[in-house]
Amino acid sequence: MLDKLAVARALREIGLLLQAQGENPFKVRAYETGARALEDSQEDLPALVSSGRLTELRGIGEALAKKISELHLTGRTALLERLRTELPPGLLELLQVPDLGPKKVAALREALGVGSVAELEAACRAGRVRGVKGFGEKTEQRLLEALARFRGREARLLLSDALELGERLVRHLRAGPDERVDLAGSARRRKETVGDLDLVASAPGPADFAGRLTAFPLAAEVVARGETKTVVRLASGVQVDLRVVAPEDHAAALHHATGSKGHHVRLRGLARDRGYSLSEYGLAALDGGAPIRVASEEELYARLGLPFIPPELREDAGELEAALSGALPTDLVRQEDVRGLVHCHTRWSDGRATLEEMAAAADALGMEYLTITDHSPSAHYAGGLTVDRLRAQWDELARVQESVRVKLLRGTESDITEDGLLDFPDAVLEQLDVIVASVHTRFKMDEAAMTRRLRRAMELPVFKIWGHARGRLLLEREPFECRMEEVLDALAGARGAVEVNGDPHRLELEPRFLRLATERGIPVVLSVDAHSTAAFGYLRFAVDTARRGWIRRGQVLNALPAEAFARAVRPA
DNA sequence: GCCGTTTTCGGCCCGACTGTTTTCAGTCG
């Protein structure tokens, strides 16, 4: 028995192995598409299988439906088992090496019997690669360099770091007011981590954007330099791609460079259906005729009969279907909608600023309310408050309240204990305005135990806000295991809310799960999880993440005025 | 392997750049 996600994983593996084998790329894509269709489907896999309705999903035909049923019911399928035995296990890793695709991998395997990264490295060092048809000395050298980078694993950036670096690059490249430089790529889509930076530049007159990029202080190596495209690698290993275009092509190029790839593939298919070919230069009629220049991304979508799709939604995760049917949300939450800061720590526990400083900073930002949520007793590692210290904090809070406009709310970030309980007595919890409940310990419980732990906590009457959902730390710690749909069902049943944590290391609940939460009518809180006043700036990342999860203004509790917010989160 | 009021077969997104070619294939985004 495999569940939906496990079946999707198996399909992806088949696709990759077929690709490594040099199979028809469209067939390879079909497996990827099928895996995606399955993941995005709202329905239960057992129901889809038993009623034979798998083929109703777009991208799943007879052959895939058969394999999916087989994988679901028996956990295996002959094709995958055959591929696994026929192909050397190191082959998939070889495909991950930059500059190596299926064709080159196949050629190397054919000519030299290379079936792993280690074997490739040995062959390069021995100078045997240059003798293979289609390979030369330069390629051999490039491969050695690519392998060295591959060993150190590619450098990835947190979204916050990517935006900072991207904004710096924009400032560096733009030399005058009539020049236009935009950050595109996954940073513009606000993905939680970013592998490389994409920029688009244009100017009405002559401007040496490429020269400026190669002269960027952090640039270490020029990877490619052509007429319109320049690629450099920074000392940190991060790659920067720059496209330089004519001003009239800027909008189309920006759209192209923003991606995602999946969104573009679907959009170009749609354009084709409408009699156009879509490229980075805009639209062109399929039956010849001059290219149609678009002045903005809005115009590009409009010419295809679609409303504007914001970059955060361009993931081929149903946004095109929604756009076609008029179901695309038009009131995605924006930063200016947020009226209160939720989830803030002070020096009472592990914050670096005093309660007074936090209050003053929130005031200065024009916030209507601020919830002070220091850690609870069992969070020894973070200076969690005892009941006595919590009560003492309320006194200080009352005193500080006299000197600030922002409404201060009493709260806690309570640990969810191993048993699925909160660690203040109910009598104390009931006197609080806001309770954020989070897992901080025992991340390695198995999926069933963790699911029970969370469900039990959510069934407590005082449970209101689920903090930094699965406790991941981006690029550092994987999220813990739990059955998310079951947990969200429990949260919905308890009329609780979920946090979108804006700490750049967290950015949870993840977008795909936010959409599951929305289906269940679960409201969200956009939080900063601030341990300093500077961290109030994390709000933008919470907003970005929420938008990626299609969260609308009306679902956000801290977009409500203070009184309505307090009513909505009060422990009952 | 999927898909179809233009098709049940022949398509499937499009272009830049590089290296090894002597007109283009492979890879990438």
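Below, chains carry the letters A, B, ... as their sequence lines are ordered, and counting in each starts from 1. Only heavy atoms go into these numbers, but all of them, side chains included; no hydrogens, no water, no symmetry mates.
- Legend: residues meeting side chain to side chain contact (heavy atoms under 4.5 Å, CB included) with Asp337(A), ordered by chain and number and at least two apart, are Val333(A), Arg334(A), Arg553(A), Ala559(A).
- Rounded to the nearest 0.5 Å, atoms CG (Leu92(A)) and CG (Leu17(A)) are 4.5 Å apart.
- Asp316(A) has its CG atom 15 Å from the C1' atom of dC12(B), to the nearest Å.
- The closest side-chain heavy-atom distance from His505(A) to Arg477(A) is not below 4.5 Å.
- Using bins of under 30°, 30° to 60° and over 60° for the plane-to-plane angle, the ring pair His256(A)/His264(A) lands in the parallel bin.
- By the side-chain hydrogen bond (donor to acceptor under 3.5 Å, both in side chains) test, Glu297(A) pairs with Arg188(A), Arg314(A), sequence neighbours left out.
- Applying the side-chain hydrogen bond (donor to acceptor under 3.5 Å, both in side chains) test to every pair with at least one member in residues 205-214 of chain A, sequence neighbours left out, gives these pairs: Glu179(A)-Arg212(A).
- Looking at residues two or more places apart in sequence or on another chain, you find a salt bridge (Lys or Arg N to Asp or Glu O under 4.0 Å) between Glu43(A) and Arg53(A).
- Within 4.0 Å of Lys67(A), counting heavy atoms only, lie sugar-phosphate atoms of the nucleic acid but no base atom.
- One atom, CD of Gln239(A), and another, C1' of dT27(B), lie 12 Å apart when rounded to the nearest Å.
- The gap from the P atom of dT27(B) to that of dT20(B) amounts to 13 Å, rounded to the nearest Å.
- Rounding to whole angstrom units, NZ of residue Lys133(A) and C1' of dT20(B) are separated by 9 Å.
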Are there any protein N/O atoms within less than 3.5 Å of an N/O atom in nucleotides 4-11 of chain B, and if so, which ones and at what distance?
none

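- Glycosidic torsion of dT7(B) falls within 90° of 0, placing the base in syn.
- Here the C1' atom of nucleotide dC14(B) and the NE2 atom of His263(A) are 15 Å apart, to the nearest Å.
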Can you check nucleotides 15-19 of chain B for protein contacts, nitrogen or oxygen pairs under 3.5 Å, and list what you find?
residue	atom	partner	partner atom	Å
dG15(B)	O4'	Glu280(A)	OE1	3.1
dA16(B)	OP1	Tyr281(A)	OH	3.1
dA16(B)	O3'	Thr228(A)	OG1	3.4
dC17(B)	OP1	Glu227(A)	N	3.0
dC17(B)	OP1	Thr228(A)	N	2.9
dC17(B)	OP1	Lys229(A)	N	2.6
dC17(B)	OP1	Lys229(A)	O	3.4
dT18(B)	OP1	Arg225(A)	N	2.8
dG19(B)	OP1	Arg142(A)	NH1	3.4
dG19(B)	O3'	Thr139(A)	OG1	3.1

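- When the C1' atom is compared between dG10(B) and dT6(B), the two are found 13 Å apart, to the nearest whole Å.
- In this structure, CZ of Arg188(A) is placed 16 Å from C1' of dG29(B), rounded to the nearest angstrom.
- Checked against side chain to side chain contact (heavy atoms under 4.5 Å, CB included), Arg109(A) has the following partners two or more places apart in sequence or in another chain: Leu87(A), Pro88(A), Leu91(A).
- Judged by distance alone, the side chains of Gln555(A) and Thr518(A) do bring a donor and an acceptor atom under 3.5 Å apart.
- Applying the ring-ring contact (aromatic ring centres under 6.0 Å, His included) test to pairs two or more places apart or on separate chains, none has a residue in residues 51-107 of chain A.
- A distance of about 16 Å separates the C1' atoms of dT22(B) and dT18(B), rounded to the whole Å.
- Look at the P atom in both dG11(B) and dA16(B): the space between them is 24 Å, to the nearest Å.
- Counting any heavy atom pair closer than 4.0 Å across all strands shown, Pro98(A) reaches sugar-phosphate atoms only and no base atom.
- Here, dT5(B) and dG1(B) have their C1' atoms 24 Å apart, quoted to the whole Å.
- Among pairs with a residue in residues 203-247 of chain A, those fulfilling ring-ring contact (aromatic ring centres under 6.0 Å, His included) read His172(A)-Phe216(A), at least two apart in sequence or across chains.
- As rounded to the nearest Å, dC9(B) and dC14(B) have C1' atoms that lie 24 Å from one another.
- Asp241(A) places its CG atom 13 Å from the P atom of dC28(B), with the value rounded to the nearest Å.
- For the side-chain hydrogen bond (donor to acceptor under 3.5 Å, both in side chains) test, residues two or more places apart in sequence or in another chain that qualify with Arg76(A) are Glu81(A).
- Residues Leu278(A) and Val132(A) each lie close to DNA chain B; by heavy-atom proximity, the contact nearer the 5' end of the strand is made by Leu278(A).
- A distance of about 22 Å separates the P atoms of dT21(B) and dC17(B), rounded to the whole Å.
- Computed from coordinates, the Lys261(A) NZ to dC28(B) C1' distance equals 7 Å when rounded to whole Å.
- At a threshold of 4.0 angstrom between heavy atoms, the contacts of Leu100(A) are confined to the sugar-phosphate backbone, with no base atom among them.
- Each of Val265(A) and Asp99(A) has a nearest nucleotide on DNA chain B; the 5'-most of these lies closest to Val265(A).
- Within residues 253-260 of chain A, the residues approached by DNA chain B to less than 4.0 Å at the level of any non-hydrogen atom are His256(A), in residue-number order.
- Listed by chain and residue number, Glu299(A) satisfy the side-chain hydrogen bond (donor to acceptor under 3.5 Å, both in side chains) test with Arg303(A) (two or more places apart in sequence, or in another chain).
- In this structure, Leu95(A) places its CG atom 14 Å from P of dG26(B), rounding to the nearest Å.
- Pairing of dG11(B), defined by two Watson-Crick or G-U wobble distances under 3.5 Å, is identified with dC2(B).
- Nucleotides dC28(B) and dC13(B) have their C1' atoms positioned 14 Å apart, rounded to a whole Å.
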